[in-house]
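So the structure is just underneath, and the comments pick up after that.
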Amino acid sequence: MKVRFTSLAVVIGLIIAGAPLKAQQHNMPKDYVVPTDPAVRQKLAQWQDLKFGLFMHWGTYSEWGVVESWSICPEDEGWTQRKGPYSATYEGYKKAYENLQTTFNPVKFNPEKWVKAAKDAGMKYVVFTTKHHDGFSMFDTKQTDYKITSPKTPFSTNPRANVTKEIFNAFRKDNFLIGAYFSKPDWHSPDYWWPYFPPKDRNVNYDPAKYPEKWNQFKQFTYNQIEELMTGYGSVDILWLDGGWVRPLTTVDRTVDWQKGIKFNQDIDMPKIAAMARQHQPGLIVVDRTVPGEYENYTTPEQEVPATPLSNPWESCITMGNSWSYVPGDHYKSVPEIVQLLVKIVSRGGNLLMNIGPGPDGDWDTEAYKRLQGIGEWIKINGESIYGSKAIAPYSDGNTYFTQSKNGKAVYAFVLGDGEKVSLPSSLTVKLNNTKGLKAARLLGSNQKLKWKTSENGVLITIPAALQNSNLKNAAVFKFEYR
Ligand code: GLC
């Protein structure tokens, strides 16, 4: 029997400033289905402890520095606007866009450099776009020639052309968990956007019920591609399926804006895909994003931080810049912004999947490396308050956020800085709900025992001048140990 329970919190508060325009609603499902497979549960628990992962959106679109895939989607939204010299007609644009395949040549591709930077920043898992909605495969698929390893693509002659394999291998070597982002919709496949009709929107452009052979071909194509990823790329931990409009019609939630336009049943047969995938990858976490049920093992709020903890496993995916894809001169979030996002998310029991978009040369913007370095400096001192931690009430109190260690022997209080600078007063009340058994308090990064006494709202700690002036950055973390 499937165990079902309802999310305690279905209301999401947008608590990050300046969320990009393109954040779509990807919020909480009403029902979460706890996986019955013990191997999946174990992997989920392992993944929940990691807290901080790297997301990468990379494809030929990075050559133009435009939004990933969406500029070929014939919907009139802020994020679908066509840019550049070919914008005048839809057909001309799509042709030029797909022709980017013939110039894509990211010769600076060096995944070990990414691994080092991500690892030093404290990231523990990676999710990579093996194929986005535009259908360009960043792996050596046999199902289509629209791929990085096609002779049409200059980079195909590079020994590391199968970039998905190279990325997975490089990160796995350093013990990252490995996640394959895969778009169910494919705007290049003639079985999804049948060239007989013009595409009208993001959805399949014919009725699968009327043309079942066509839809079956698409299902088979999708199954085959996922099977390739599950068999030829070593151990994979997460199958992150995007494009939630490809779903059984019965699961459509008409109250969600982007689901209103779904007309047809686009059942891709998740039971079959998941069974095959898990046969090859036991314990695989499947994230059939926004499709509540058995194949959404964790939920994925996008560009936002839930205001209250969720009762199911979850991960916020958030861009480091303003865009998922590489955009020259993109504005990157500052180190304190990113650290504080991580703290807020972890205090609600979630994971942060932070996106960096590689450029057309195959490297990241130098700003991204700088940010990662700054995060790493903070995490080296404060990591124990993040990894393997759990949420604990009151979760936050004004500018102070909380986590607890898994064994419940320590509670951490994060005092967020105002930007980079953290100013601490000489005495501070920390709202601990439980002071029974409390035996010691200190600031992470220092061995000095702090004076404390219980107060009406928790504990009152005394902070010596030397600690107040110790150049604390981003967030100061107090550790409270219990007997
Ligand atoms: C948004 C974007 C999509 C991107 C995804 C990542 O839904 O539209 O392009 O892949 O976020 O979470």
Side-chain angles (χ1 to χ4, degrees), residues 12 14 16 18-29 52-62 64-83 97 125-138 164 179-188 192 199 201-203 238-247 253 256-262 285-291 296-306 314-327 330 333 341 345 350-358:
I12 299 186
L14 201 72
I16 37 171
L21 187 71
K22 209 169 65 66
Q24 297 189 49
Q25 283 170 278
H26 284 297
N27 35 19
M28 298 307 124
F52 193 24
L54 170 69
F55 205 2
M56 285 194 284
H57 276 66
W58 196 27
T60 57
Y61 42 78
S62 69
W64 282 353
V66 296
V67 60
E68 68 290 346
S69 301
W70 284 99
S71 66
I72 59 165
C73 178
E75 287 179 32
D76 192 9
E77 298 287 354
W79 66 87
T80 55
Q81 299 309 305
R82 298 193 291 270
K83 295 204 178 90
Y97 181 100
Y125 67 104
V126 66
V127 179
F128 174 63
T129 52
T130 64
K131 183 183 86 170
H132 203 260
H133 313 329
D134 63 14
F136 187 74
S137 294
M138 295 291 276
T164 294
Y181 168 110
F182 182 89
S183 167
K184 292 178 293 177
D186 185 315
W187 296 336
H188 182 80
Y192 193 75
D201 55 26
R202 69 186 72 184
N203 292 282
I238 305 165
L239 178 60
W240 210 100
L241 297 173
D242 199 13
W245 53 95
V246 172
R247 70 201 289 150
D253 179 353
V256 178
D257 216 37
W258 60 266
Q259 295 189 31
K260 286 183 183 143
I262 307 177
I285 297 171
V286 178
V287 182
D288 190 12
R289 192 168 191 222
T290 76
V291 189
E296 193 182 30
N297 295 156
Y298 66 72
T299 58
T300 55
E302 178 178 314
Q303 302 284 33
E304 60 191 346
V305 182
W314 61 277
E315 161 197 271
S316 277
C317 51
I318 296 183
T319 50
M320 188 183 273
N322 280 330
S323 176
W324 297 102
S325 50
Y326 171 83
V327 173
D330 200 359
K333 293 182 177 67
L341 270 175
I345 288 169
N351 284 15
L352 168 60
L353 183 64
M354 172 115 289
N355 182 82
I356 301 172

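Atoms within a ligand are numbered from 1 in the order they appear, just like the ligands themselves. Numbers here are sequence positions counted from 1.
- Residue contacts with ligand 1: W240 is placed with no nitrogen or oxygen under 3.5 Å of a nitrogen or oxygen of the ligand (distance criterion only).
- Using a 4.0 Å cut-off between heavy atoms, D242 contacts ligand 1 through its side chain alone, with no backbone atom that close.
- The proximity of Q303 to ligand 1, defined as any non-hydrogen pair under 4.0 Å, does not occur for either the backbone or the side chain.
- Within ligand 1, counting atoms from 1 as listed, the ones closer than 4.0 Å to a heavy atom of W70 are 2 (C), 3 (C), 8 (O), 9 (O).
- Rounding to the nearest 0.5 Å places CG of N351 at 10.5 Å from CZ of F52.
- Between Y181 and W240, the two ring planes are parallel [angle under 30°; tilted spans 30° to 60°].
- With 3.5 Å as the limit, one finds no donor-acceptor pair spanning the side chains of T80 and R202.
- Each of the following atoms of ligand 1 lies closer than 4.0 Å to a heavy atom of H132: 3 (C), 4 (C), 9 (O), 10 (O).
- Taking every non-hydrogen atom of C317 and a distance limit under 4.0 Å, the qualifying atoms of ligand 1 come out as 12 (O).
- To the nearest 0.5 Å, atoms CD (E75) and CG (N203) are separated by 7.5 Å.
- Note: no N/O pair closer than 3.5 Å links H133 and ligand 1 by distance alone.
- Distances from ligand 1 to the non-hydrogen atoms of W79 include no value under 4.0 Å.
- Residues W70 and Y61 place their aromatic rings such that the two centres sit no closer than 6.0 Å.
- Counting only N and O atoms by type, the side chains of T129 and H57 include no donor and acceptor under 3.5 Å apart.
- Heavy-atom proximity to H57, at under 4.0 Å, picks out these atoms of ligand 1: 4 (C), 6 (C), 10 (O).
- Under the side chain to side chain contact (heavy atoms under 4.5 Å, CB included) criterion, Y192 pairs with P185, W187, S189, V204, W215, F218, W245, V246, Q266, not counting sequence neighbours.
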